[in-house]
**Q** 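Here it is, the structure, as C-alpha cells.
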Amino acid sequence: MTRELMKGNEAIAEAAIRAGLQAYFGYPITPQTELLEWMARRMPELGRAFVQAESELAAINMVYGSACTGARTMTSSSSPGISLMLEGLSYIAGTEIPMVLVDVMRGGPGLGNIAPAQADYNQIVHGGGHGDYRAIVLAPSSVQESIDLTVLSFDLAEKYRSIAVVLLDGSIGQMMEPAELPAMQPIRKTLPAWAASGCVGRDRNVLSSIYLNPSEEEDCNLRLMRRWQEIEANEIRYKEYYMEDARFVVVGFGSAGRVALSAVRAARADGIPVGLLRPITLNPFPIDAIAEISKKTEAMLVVEMNAGQMLEDVRLATAGRTPVEFFARLGGIMPFPDEILTEIRSLAAGNYSLEGHPRNRWLARMVNKN
Amino acid sequence: MTRELMKGNEAIAEAAIRAGLQAYFGYPITPQTELLEWMARRMPELGRAFVQAESELAAINMVYGSACTGARTMTSSSSPGISLMLEGLSYIAGTEIPMVLVDVMRGGPGLGNIAPAQADYNQIVHGGGHGDYRAIVLAPSSVQESIDLTVLSFDLAEKYRSIAVVLLDGSIGQMMEPAELPAMQPIRKTLPAWAASGCVGRDRNVLSSIYLNPSEEEDCNLRLMRRWQEIEANEIRYKEYYMEDARFVVVGFGSAGRVALSAVRAARADGIPVGLLRPITLNPFPIDAIAEISKKTEAMLVVEMNAGQMLEDVRLATAGRTPVEFFARLGGIMPFPDEILTEIRSLAAGNYSLEGHPRNRWLARMVNKN
Amino acid sequence: MQTEILIAGFGGQGVLFAGQLMAYAAMDEGRQVTWIPSYGPEMRGGTANCTVVISDEEIGSPMVRYPQAVIAMNLPSLEKYEASLLPGGLLVINASFSGHPLKRTDIRSVAIPGNEIAEELGDKRMTNMVLLGGLLANLPILPLEAIEKALAAHLPARHQRLLPLNFKALRRGAEFVAETVGR
Amino acid sequence: MQTEILIAGFGGQGVLFAGQLMAYAAMDEGRQVTWIPSYGPEMRGGTANCTVVISDEEIGSPMVRYPQAVIAMNLPSLEKYEASLLPGGLLVINASFSGHPLKRTDIRSVAIPGNEIAEELGDKRMTNMVLLGGLLANLPILPLEAIEKALAAHLPARHQRLLPLNFKALRRGAEFVAETVGR
Amino acid sequence: MTVELKNELKVYSRPESLTDTATHYCPGCTHGVAHRLVAEVIDEMGLRERTIGVASVGCAVFAYNYFDFDFVQAPHGRAPAMATGVKRTLPNNIVFTYQGDGDMASIGMGEIVHAAARGENITVIFINNANYGMTGGQMAPTSLPGQKTTSSPNGRDVETMGYPIRAAEMLSTLDGAGYIVRRSLHDPKNIRMAKKAIRTAFETQVRGLGFSMVELLSICPTNWGMSPTQSLQWLEEKMVPYFPLGDYRVSSAVAEIKI
Amino acid sequence: MTVELKNELKVYSRPESLTDTATHYCPGCTHGVAHRLVAEVIDEMGLRERTIGVASVGCAVFAYNYFDFDFVQAPHGRAPAMATGVKRTLPNNIVFTYQGDGDMASIGMGEIVHAAARGENITVIFINNANYGMTGGQMAPTSLPGQKTTSSPNGRDVETMGYPIRAAEMLSTLDGAGYIVRRSLHDPKNIRMAKKAIRTAFETQVRGLGFSMVELLSICPTNWGMSPTQSLQWLEEKMVPYFPLGDYRVSSAVAEIKI
Amino acid sequence: MAVKGRIVVNELYCKGCEMCVAACPQEVLALAADRITAKGYHPAELIADGCTGCGICAVVCPDAAITIYREAARAAAQVRVP
Amino acid sequence: MAVKGRIVVNELYCKGCEMCVAACPQEVLALAADRITAKGYHPAELIADGCTGCGICAVVCPDAAITIYREAARAAAQVRVP
Ligand SMILES: Cc1ncc(C[n+]2csc(CCOP(=O)(O)OP(=O)(O)O)c2C)c(N)n1
Ligand SMILES: Cc1ncc(C[n+]2csc(CCOP(=O)(O)OP(=O)(O)O)c2C)c(N)n1
Ligand code: SF4
Ligand code: SF4
Ligand code: SF4
Ligand code: SF4
Ligand code: SF4
Ligand code: SF4
Ligand SMILES: [Mg+2]
Ligand SMILES: [Mg+2]
C-alpha cells in the first residue's frame, strides 16, 4: 500500500477501525479530539457503534459494557479525561476483559495546558486506579508506529484479557507524517466463551469485579499477577540505536526518545560513543535489557517530558550498578535536540554520580531555565 | 486527658474537628462511612459546614472550592471513591492549595470487597491523577496514631500548600482501641493572602491550575518539585523497632507493619536478630533510612497487603546492596503474625537472593494459598 | 500475655455489644485491647461477629486466625468457627440453637441454653449476657465486676433500667462450667 | 540534510494549508517530512502557526526552536518569530502588514506585499501562496512544480477552479529575491 | 398443617428466570418483590436467553446471583452508561439496569439523564427506598424532608440538605424517554400494577420505542428501623404522598402497546 | 470622523467589574455580551468585593482574566460543586458559576442537578451556544436535531445521538430552585431582558432565596461557520423555537423582588 | 362454597417476614413458632383450612418462596396469578 | 430635533465584529476599512452625523469597547443605558 500524509490522531482512529473495532465511545478533549471526530464520521458509515458520551466517566463505562459483550471496543482521551476513567479502568481490570485505551497526554497537573507532555506515565504504568492491576502500555514515537501499535494493542488486549493502552503525547497526535495503513480486517464473528451476549443454549455468563470473600479476591489478584508474569515473558518490546559500542546510553520513550535520537546522532557525529534505548512497551518494562546495558556502560541518561517518572523504573533496573542522570522539560515543553546534546556532552565529560538523586541534580541545573 | 475506646473512623473525624476543620464534604462508602456519619452529627452542631455530596466527584470539587477560601477542609472515602477524586486532586495540586484526604482502603481492583487492603499505595503515593504532583502521605497503624497524624496532616497541608493524605486500611477504620483525643483548637480567624474570599481592599485573587503557556506551566511544575525537596528534607517520619542489633529487617506500613511487629517479637523470642522499620510518611519515603539499613543488614523482608507496591520503593532505596524478599496477602486478607514469622524464619535460614524479582519468588510460594 | 475471643451470631443477638463490653472492661482494667467487627453487607446475610484481643503489651493484628475462645450464638457460627479454635481453647455454645455433636476433641466447651435462660429472666435480649457470663466464668481474663461497670457506663440510657437484669444474666451464665470434650 | 520552516499568521490566512502543501510535496518527492500545527485555544486568539521539517533521514523533533526559515504573514508573528530565526536564516515577510524595521542583521529577508498582489490577482485568499512562492524562490528545497502537484491533489474540490490562480500567485511571489539585511 | 386437595393444579410457582438461590436481602425487603416481578415478566415474554441485566451498586449489587440470565455489574451510578455500551454493541438483546435511588439519583444522575435524553433503548428498574440501604441507611436524594437517617441524624433539613428529587418527573422532561412511570410495592394491588408497568417497559424496549423506566417505591425495614409490615404502612402513608404514583411519560407509540 | 459635543456627559462606559484586558473570544462571540452584563449587574449591585466567580472549562475558561474580582476555576462540569464548597464555607459571599452547555448540560449534569436540588444559594450563568466551542465545534447536548457539527458531520440524528436537553425546563422540576429562566442575546431588546434576569438571579442569591440560573442563548460564529450577524439570525430563527424564552421557575419569594 | 387451595412454603427461601401472613385474606397463615430454618428464621405455614389459592401471599412474598395449588375443577378457570 | 450624541470605540477591545454597525438605528457606524488594530481587525467608527447616543451599539458590543456621550441638556434626562 502507499504512504499517506496523516495526522497521528486520525491515523490511530483509522488503524483501530481496520483492526476490526466494533464500538467506540469517547468525549472530546484537546489534543485528542480529531480521533473522536474521525470515529464520528467513519463508524456510522461502516454501520458500527459510535457514541459521543456525556463524559469520560460515561465513556469508559460504555466501553466496559461493550467489552463485556466480547466486542473489540475502545475509547480515547487526554490527561484530565483519563483521570475520570480510572474507577472504570480498575473495574475492567478486575473483570478481566479486553479493551483498548488511547491516551494523548497534555501538560498538567490540573487543567494545565494542551501542549505535549509525558507526565501521566505513573498514572498509566503504575496503576492510577485503585487496587492491584496492570495494563499493557505501548508508547509510539511516530505516526507509523502509532498505527502499528494500535493494531497490536487489540491483539494483546484479547490474548491476555487485559487493558491495553496506547500512550502518546499531543505532538504525535497532532503531527502529520507520511505513513502506511494496514488493510481492513473483517469483524470477528465468533464471541469469546465468557462474553455476556444472551445465554442462548448455555449457562448464564456473569461478569463482575466483586469478590466479597477476600480469599476469592486474593485468588483473582493472584491470577492477574500470574497472567502478568506471562505478559512480562512474552511481550516486552523496545528499540535500540547505535548500541554496539556505546559507552553511554540515553533512555527515552515516545517523543522524548524521538528527539533524543536526533541528539544521539549529533553526538555520534562529534565522536561520542552514545546509544539510545527507546522502550516501546512501558509496561511490561524492558528491565532485563536495561539491566544488561547497565552492566556494560559508564553512565546513562534518562530523558522525559515529566519530572522523572520512568526514571525510577530505569534506576530500579540498573540496581545501582551504573550512574543514571536525568534531563527533562516539563509542562508541555518538548526538549530540543541541542539541549539533550548538551546533556550527552556533559555525561561524556564525566558529570555523573551514583550518589544522591539524579532528579535533584537536574533541578539544580534547571535553575535558570525560562 | 483520658483514654476512650474509639473506632478509627470516628476518632479521625473527631480529631479533624478538634484540629479546626471548617468544612467537610463526603459520600458514604464502606469501610469509611462512620467518618462521614460522625461529621454529619458533629459539624452542624458546631455550626460548621457539612455536605453529603452527590458523589465523590462532587465531594472533591466541593473541597476544592472550600480550600480556595483558605479554610481547613477535608473529605474522606475508600478505594473506588478515591479513583473518582483523582481529577480533582490533580487540579488541587496544580492550584497549590492545602487540603486533607482520608483514604480507608478496601480490597480491589474494581468493586472488589470491603475488607482491609493496602492496594492503593501506588495510586496515592505515585500520583494516581494526571500530571506531575505529589501528596504528603501519612500511614497510621493504630487508632491513636490515626488521631495524631490527622491533626498533623492539616498543619503540613497548610505549611506546604499541599494535599495531605491519611492513608489507612479498613481494619484501622473499623477497629476500636483506647486512644486520647487532642483538645479542641479554635478555628483560625485570619485568611491566607492567596485565598479567594472577596477582594475587599486588595487586588483580586485568582486560583486556577491553568498555565496555557508551557513555560509558565514548567515554572509551576518546577516550583512544585522544589517545594517537594523541602518536604523531603523536613518531613520524613518512620518508626524503628528492635533495630540496634538487627541482622534482618522487616519493612511494613500501617496494619501490615503492625502485624509484622507481633511476628518480629515472636522471632526475637526465638532469638532471631530481626528488626522492623515502619514508614509513617509513605511520601516522602524514608529512602535514606532504608539505604543505611541496607548497608548494615543481611537481608530485608517487605510485608504488604498488596502485590508489592511499596516493595519497589524499598528496592530502589537499597539500590541492589541487600537482598529484599517479599510477603503479602491480597484482596482483603490481613497477613497473620504466624505467616510473617514463617517468612522471617526462612529469611534467617538464608532464603534470600539478589537475583530475579522477590515478587516472583513470593508468587511461587503462594501457589497453594487458600 | 494475650487473649483472643471471637463472638459470632445473628445480627440482633447483641454480638457486637457483648464484645464491646469486654473491650471497655479491659480498657478500664488498664489492659491493651482491640475490638473489630465483621462489617458491611455481611450484615444483610444476617450473621455478625467481632473479635476482641486483650493483652498486656502493644497488640499486633486485631484480627485472629486461631482464637483462644469462641462464643457461638447460632448454628452457622458454630459450624464456621469450631474448626478455627486454638487447641485447648474454649467454645461457648448457645445450646438453644443446637445440640449437634462437636467435631473437635481437643478443646474445652460449654453449652448454655442462652435463649431459655434469657426468656426465663423475662427478656430474650439477655442471651448475649448469659453467654458472656459463661465465657468469663471459664476464661477468667476479666472479673465480672469489670463487665458490670462497663455495662453501667455504656448501656444506652433507654436501657439503663435493664441493668440489674443484665447483671443477673451474667451471673446465671457464669454458673455453667466448661469441660473438655470427650469422644 | 534537514530544513525547518515555520509559517505564522492570523487564523484564516491559510497558514496551516501552506505548510501542508510543503509536506505533501516533500512526501511525493520521497523526502522525510513532519508537519505540526499550533493547536487549541490559541485558535481563539486569532493567531495560528505550523512547523514543517523536511529531511533526508528519520526526523527527530517535529517542533523547532531555531527554524531556518520563517514566513510571517502578520505583525504579531513577525515580532514573535524574528528572534528565533537561525543565523543566516530566511525571513519572508508579508509587507502588507508591516514596514517596521527588523532587529536582526544576521539573516536574509524578503518583504512581499502579499495582500496587494493577491487582491490584484483578484482573490485575497491567495496571499499564502504568494508568500510560499517567495519562500521557495529563496530557499529551493522543493521545486514549485511539486507544490503545484500537491495543490492539484489536495485543493478542496470546491476550490479546484482556483488552481490556475494559485499557480499564478506562487509564481508572482517567486519573483521576489531575498537579500541579507544591512544596517 | 397440611391440606389435601384431590387432583390439584399448580397455579403459581417461583419464576424460571430466578436462580435457586436464597437472596441476601433482609426479611421483607421488597427488592425481592421487584426481582420476582422482573423475572416473571422476562418469563412471560420469553426473553430469558436474550436478556442482559446490568447490576448496580447497592443492596442489589448481587442481583446477578438471583437472575438466571447473563449479567454484568456496573460501578456505582454508571449502570445506564454500561447498559448503553451493551445495547449499542448488541442492539438485538434486551438490556435493563436495576438501580437504587442512591445509585441512580445521586452519583448516577449524569448517566441516567443522558441515557434518557439519548433515547437509549434500554429499561431501567429504579428502586426508591428513600435511603442508602447497603451502606447502612444514609440520606438519599429521595429521603423525605425531616426523615432521620444516619447522615441526617436530626432529620433531613431541606435548608441545608436540599429537597428530595422526583426522578420520574424530572426525566419525563426529556424527549428521548418513551415510558416513565412510578409504582409502589406496598400491597398486592400495587404490586400487580407494578408488574404491568414492568411488562410495558420491556415491551417498549422490544419494540424499539426508546428509553423506559419504572420507579418502584420500596421498603428498607432494616434501616428504617421498622418491621416489614410497619414499613409497608410507612411507605404508603409517607412516601406515596411525596412521590405520587402514576404515568409521567408515555409516548404515543408506547400508549398503543396492548398487554 | 469625530463629532464635537458641547458640555457632553458620559452616559455609558465599560463596567468597573471588567478588567482592562481584551478577551480571547472570537469577533462577535456573545460570551462577551454575557460577561459585560454580569459585570454591569455586579457594579450596579455594588457586589464586586463580595463576589467570587467560578470559571468552568470551555471558551470562557479564562473568564477570571476578564472579571475584576476573586475567581476560582473548576474542572470540566464541576463548577456547581466547587461553588457549593465556596458558598458553604463563605455563606456571606456572592458566588456564581459561568458555564457552557457542554460543561453544564453534558459532563456536569450530575453537579448542576444536585446543586439545584439542594437549593444551593448560588447563581449559574449558563451559556447555550448549541455546541462545544472551545474544542472546535463538537455536538453538545443542546445541538439542534439535524445540526452539523464536527462530531455529527451528517447532522445530529436524534435516533442515535439523542434529543437536545432543555436544561431550564428540566431543572425547574426541582424544588430547590428559586429562579430559572431562559433569555437570548441576539438583539438589543433581548439583551436588555437578559440583563434584567441576571439582576434578578443575583438578587435571589443576595436574599438567600435558593438556587438561581439564567440560561442565555448565545452564538458561536467560528464553529457555526457564519458571520456574527448571520449567527444572530440563526440563533433567532433556529434556536429560539427549540429553546423557548421565558421564566421556568420563579418561587413566590423571588416573584416579589422588585428591580 | 369457596375455592379450595393450598400453598407450599419453600424454607430455603422463606425469611419469616410475615408479609404473607399479613396479606392473606383468609388469615390461614402464620409463622411456625416452633421451627427455625437453617438461616434462623421462623418460616410461614398454613395453620388452618380455608386457603382459596388466591395467590395473594405469593404476590407479596419478597422471596418467591410460595407455590400455590388449586383444586383442578376451579383452577381450570386459570385466573393468572399473580 | 434629535438627541445629539457620540461614541468612542476603544481599539484595544474592538474586534470589528460589525454587530454595532448592524444594530445602530441611525446607521452612522461602519468598520474603518483603512485601519487595522494591533490584533489585525478593522475597528468600528462613526462615519456620519446623527448619533443620538441611544447606546444600542454599546448594548450589543461583545467587547465592551464602546463609550457613549450625550449632550448635557438632553443627557440630564439620564435614560439609564443600557
Ligand atoms: C464510587 C462508590 N461510592 C460509594 C460506594 C458505596 N456504596 C455502596 S452501595 C451505596 C448506596 C446504595 O444505595 P442505593 O443505591 O439507594 O441502593 P439500596 O442499597 O438502597 O438498594 C454506596 C454509597 C461505592 N461502592 N462506590
Ligand atoms: C475532563 C475534561 N474533558 C474534556 C475536556 C475538553 N474540553 C474543554 S472545553 C470542552 C467543551 C466546552 O464546551 P461548552 O461547555 O459548551 O463551552 P463553549 O466553549 O461552547 O462556550 C471540552 C470538552 C476537558 N478540559 N476536561
Ligand atoms: S438494607 Fe434495606 S434495602 Fe438493603 S436488603 Fe436490607 S432491607 Fe433491603
Ligand atoms: S469558538 Fe465560539 S464560543 Fe468560543 S469564542 Fe469563538 S465564537 Fe465564542
Ligand atoms: S412472605 Fe415469603 S418470605 Fe415472608 S414469611 Fe411469607 S413466605 Fe416467608
Ligand atoms: S393463597 Fe390466598 S388464601 Fe391461600 S394462603 Fe395465600 S393468600 Fe391466603
Ligand atoms: S460591536 Fe464592539 S467589537 Fe464589534 S465592531 Fe462594534 S465596537 Fe467593535
Ligand atoms: S449610540 Fe445609538 S446612534 Fe449612536 S452609534 Fe450607537 S447605536 Fe448608533
Ligand atoms: Mg436506596
Ligand atoms: Mg457551548
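Within every chain, numbering begins at 1; the chains are lettered A, B, ... in the order of the sequence lines, protein sequences first and strands thereafter.
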**Q** For F:N93, is it the side chain, the backbone, both or neither that has a heavy atom under 4.5 Å from a heavy atom of chain B?
**A** side chain
**Q** By a 4.5 Å heavy-atom criterion (distance strictly below it), what part of B:F25 contacts chain F: side chain, backbone, both, or neither?
**A** side chain
**Q** Less than 4.5 Å apart, side chain to side chain, heavy atoms only: is that true for F:F69 and F:I52?
**A** no
**Q** Hey, which of B:V51, B:V63, B:V200 has the most heavy atom pairs under 4.5 Å with chain F?
**A** B:V200
**Q** Contact part of B:T73 toward chain F, heavy-atom cut-off under 4.5 Å: side chain, backbone, both or neither?
**A** neither
**Q** Using heavy-atom distances under 4.5 Å, tell me whether F:R48 contacts chain B through its side chain, its backbone, both, or neither.
**A** both
**Q** Please work out which of the three classes, parallel, tilted or perpendicular, describes the rings of F:F71 and F:F67, given edges at 30° and 60°.
**A** parallel
**Q** Before accepting this row, confirm whether a basic side-chain N of the pair F:R249/F:D175 lies closer than 4.0 Å to the acidic partner's carboxylate O.
**A** yes
**Q** Answer with side chain, backbone, both or neither: which region of B:V206 has an atom nearer than 4.5 Å to a non-hydrogen atom of chain F?
**A** both
**Q** Which atoms of B:R202 come close to chain F, meaning under 4.5 Å heavy atom to heavy atom: side chain ones, backbone ones, both, or neither?
**A** side chain
**Q** Assign the ring pair B:Y24 / B:F50 to parallel, tilted or perpendicular, where the plane angle (0 to 90°) is split at 30° and 60°.
**A** parallel
**Q** Run the ring-centre check on F:Y98 versus F:Y66 and record whether the distance is less than 6.0 Å.
**A** no
**Q** Considering only heavy atoms from C-beta outward, does the side chain of B:L101 approach that of B:M85 to under 4.5 Å?
**A** yes
**Q** Looking at F:V54, F:T84, F:T51, F:D68, which has the largest count of heavy-atom pairs under 4.5 Å with chain B?
**A** F:D68
**Q** Less than 4.5 Å apart, side chain to side chain, heavy atoms only: is that true for F:F62 and F:T21?
**A** no
**Q** Please look at B:A58 and chain F and tell me whether the side chain, the backbone, both or neither of the residue comes under 4.5 angstrom of a heavy atom of that chain.
**A** both
**Q** Find the one option among B:G88, B:C199, B:S55, B:A195 whose heavy-atom pairs under 4.5 Å with chain F are most numerous.
**A** B:C199
